[in-house]
Number of protein chains: 2
Amino acid sequence: MEKKPQTSGNPSVSHMVENIVGCKWSMTVLAMIRSGTNRPGAMVREVDGLTAKVLNERLAKLIRFGIAEKTVFPVTPPHVEYRLTSFGEKFVGVIDEIERLQIDLDQTE
Amino acid sequence: MEKKPQTSGNPSVSHMVENIVGCKWSMTVLAMIRSGTNRPGAMVREVDGLTAKVLNERLAKLIRFGIAEKTVFPVTPPHVEYRLTSFGEKFVGVIDEIERLQIDLDQTE
DNA sequence: CAGTATCCAGACCGATACTG
DNA sequence: CAGTATCGGTCTGGATACTG
């Protein structure tokens with residue numbers, strides 16, 4: 001299973017970031033959901049080294065934190081999609097800040 | 001020792017964030033350097049649970065990434081100070097974004 | 001296709017003892 | 001005061017096999 005990140009109340013965004021960013025594959029999964037690769041099978045196929053088990057753990061965490069949401073289409077074979085919530089959009093905005101920082105770094109050196 | 005985060009070239013900021021934010025005590029150390037608690041002894045004293053060994057590992061990482069720099073005053077007893085580099089200032093700016101996100105979250109629920 | 005259960009090698013980090 | 005070396009428990013996550 002997984003360690004409990006908080007003792008009670010709302011998860012602080014700091015903890016969320018610590019828990020997500022520091023968690024292997026989370027950023028990759030987040031990036032895929034953003035870019036439209038939002039089905040589990042596709043994600044596993046696209047990322048070398050990512051297993052279904054770990055993917056599901058990450059997705060569960062993203063959902064628990066309110067960053068992503070899951071849609072199940074009751075068809076055969078099963079069809080599942082994940083997408084960002086509105087809060088999730090804001091969250092990835094922070095990630096964008098990081099990319100911008102990268103540009104500054106490149107110019108400085 | 002420590003796992004190598006990159007294979008070559010410059011560390012990407014994404015990797016830095018992953019490596020720093022996801023690393024226990026890093027954020028705490030960063031916050032202390034910012035707020036003026038910038039001597040190792042003071043940091044260990046201020047944070048319950050933080051050991052000198054782990055602190056030095058974190059500081060080494062912050063220096064390696066160009067986020068912090070170290071100043072040694074050649075006196076007895078030894079006097080050492082850490083402070084943010086200009087890049088480090090930008091880096092913590094990203095952390096500030098995160099705190100702002102928190103405010104949005106609180107207002108939404 | 002989607003998801004879960006189990007196993008276990010290795011990374012992380014806390015405690016301790018030590019040097020300069 | 002600053003920093004390093006070592007040991008060992010705990011947890012993460014990759015491999016595999018399985019169900020619906």
Side-chain angles (χ1 to χ4, degrees), chain A residues 1-6 15-30 32-33 36-65 68-83, chain B residues 1-7 15-30 32-33 36-64 68-83:
Chain A
M1 192 47 66
E2 196 175 75
K3 214 178 6 180
K4 223 187 294 183
Q6 283 82 38
H15 282 125
M16 285 175 39
V17 173
E18 187 163 338
N19 219 309
I20 303 246
V21 176
C23 202
K24 194 172 178 184
W25 298 122
S26 289
M27 297 294 286
T28 306
V29 172
L30 215 39
M32 279 193 290
I33 295 178
T37 305
N38 58 355
R39 297 186 59 184
M43 296 189 202
V44 169
R45 244 175 286 119
E46 186 163 315
V47 180
D48 188 58
L50 178 62
T51 64
K53 176 207 166 197
V54 171
L55 172 62
N56 280 316
E57 286 171 358
R58 297 305 168 271
L59 288 170
K61 189 180 285 183
L62 290 174
I63 289 170
R64 181 153 43 83
F65 285 161
E69 62 191 356
K70 176 181 183 174
T71 308
V72 180
F73 298 89
V75 295
T76 317
H79 182 150
V80 174
E81 286 183 6
Y82 293 86
R83 73 190 63 197
Chain B
M1 192 47 66
E2 196 175 75
K3 212 178 7 179
K4 227 187 291 186
Q6 283 84 36
T7 51
H15 282 125
M16 285 176 39
V17 173
E18 186 164 337
N19 219 309
I20 302 245
V21 175
C23 203
K24 195 173 179 185
W25 298 123
S26 289
M27 297 294 286
T28 306
V29 172
L30 215 39
M32 279 193 290
I33 295 179
T37 304
N38 58 355
R39 297 186 58 184
M43 295 189 202
V44 170
R45 244 174 285 118
E46 187 163 315
V47 179
D48 189 57
L50 178 61
T51 64
K53 176 207 165 195
V54 171
L55 172 62
N56 280 316
E57 286 171 358
R58 297 304 166 273
L59 288 170
K61 189 180 287 183
L62 290 174
I63 289 170
R64 180 153 44 84
E69 62 191 355
K70 175 182 183 174
T71 307
V72 180
F73 298 89
V75 294
T76 318
H79 182 149
V80 174
E81 285 183 8
Y82 292 86
R83 72 190 62 198

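From a predicted model like this one, the values you see are computed outputs, not experimental measurements. Just so it is clear, the values below take in all heavy atoms, side chains as well, and ignore hydrogens, waters and symmetry mates. Letters A, B, ... mirror the listed sequences (proteins, then strands); counts begin at 1.
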For B:Glu81 and D:dC1, what is the distance between atoms CD and C1' respectively, to the nearest whole Å? 13 Å
Between P on D:dC1 and CG on B:Asn56, what's the gap in Å once rounded to a whole number? 14 Å
To the nearest angstrom, the NZ-C1' distance between A:Lys61 and D:dC11 comes to 12 Å
Within this structure, what is the CG-CE distance for the pair B:Asn38 and B:Met43, rounded to the nearest 0.5 Å? 6.0 Å
So, using salt bridge (Lys or Arg N to Asp or Glu O under 4.0 Å) as the criterion, who are the partners of A:Lys53 when residues are at least two apart? A:Glu57
Could you tell me the separation between the CG atom of B:Leu62 and the P atom of D:dG3, rounded to a whole number of Å? 13 Å
So does B:Tyr82 get a side-chain nitrogen or oxygen closer than 4.0 Å to the phosphate oxygens (OP1/OP2) of D:dA2? no
Before you tell me yes or no, could you show the steps for B:Ile33 and B:Leu59 under side-chain contact (heavy atoms from CB on, under 4.5 Å), namely the whole-Å CA-CA distance, both residues' side-chain angles and the distance that decides it to 0.1 Å? CA-CA 10 Å; B:Ile33 295 179; B:Leu59 288 170; 4.0 Å; yes
Rounding to an integer number of Å, can you tell me how far B:Asp48 CG sits from C:dA15 P? 9 Å
Please output the side-chain donor-acceptor pairs of residues 70-81 of chain A that fall under 3.5 Å, not counting sequence neighbours, one pair per line with the distance.
{"unit_1": "A:His79", "atom_1": "NE2", "unit_2": "A:Glu81", "atom_2": "OE2", "d": "3.2"}
{"unit_1": "A:Glu81", "atom_1": "OE1", "unit_2": "A:Arg83", "atom_2": "NH2", "d": "3.2"}

Partners passing side-chain hydrogen bond (donor to acceptor under 3.5 Å, both in side chains) against A:Arg45 (at least two apart in sequence or in another chain): none
Please find the pair of heavy atoms, one from A:Val54 and one from A:Trp25, that lie closest to each other, and give the distance. CG1-CD1, 3.5 Å
Let me know the distance between CG of B:Leu55 and P of C:dC13, rounded to the nearest Å. 13 Å
If the condition is side-chain contact (heavy atoms from CB on, under 4.5 Å), which residues does B:Ser26 pass it with, not counting sequence neighbours? B:Ile20, B:Cys23, B:Arg58
Axis deviation across the helix from C:dC1-D:dG20 to C:dG20-D:dC1, five-pair ends, to the nearest 10°: 40°
Using OP1 and OP2 only, check whether a side-chain N or O of B:Arg39 sits under 4.0 Å from D:dC1. no
In this structure, how many angstroms lie between the C1' atom of D:dA2 and the CG atom of B:Asn38, rounded? 14 Å
Looking at A:Tyr82 and A:Asn56, what are the two nearest heavy atoms and their distance? OH-OD1, 4.4 Å
What residues form a side-chain hydrogen bond (donor to acceptor under 3.5 Å, both in side chains) with A:Thr37, not counting sequence neighbours? A:Glu46
Interatomic distance, B:Ile63 CD1 vs D:dG3 C1' [rounded to whole Å]: 12 Å
Looking at every strand, decide which applies to A:Phe73 at a 4.0 Å heavy-atom threshold: base, sugar-phosphate, or nothing. nothing
Heavy-atom protein contacts under 4.0 Å, nucleotides 14-20 of chain D, coded B base, S sugar-phosphate only, - none: BB----B
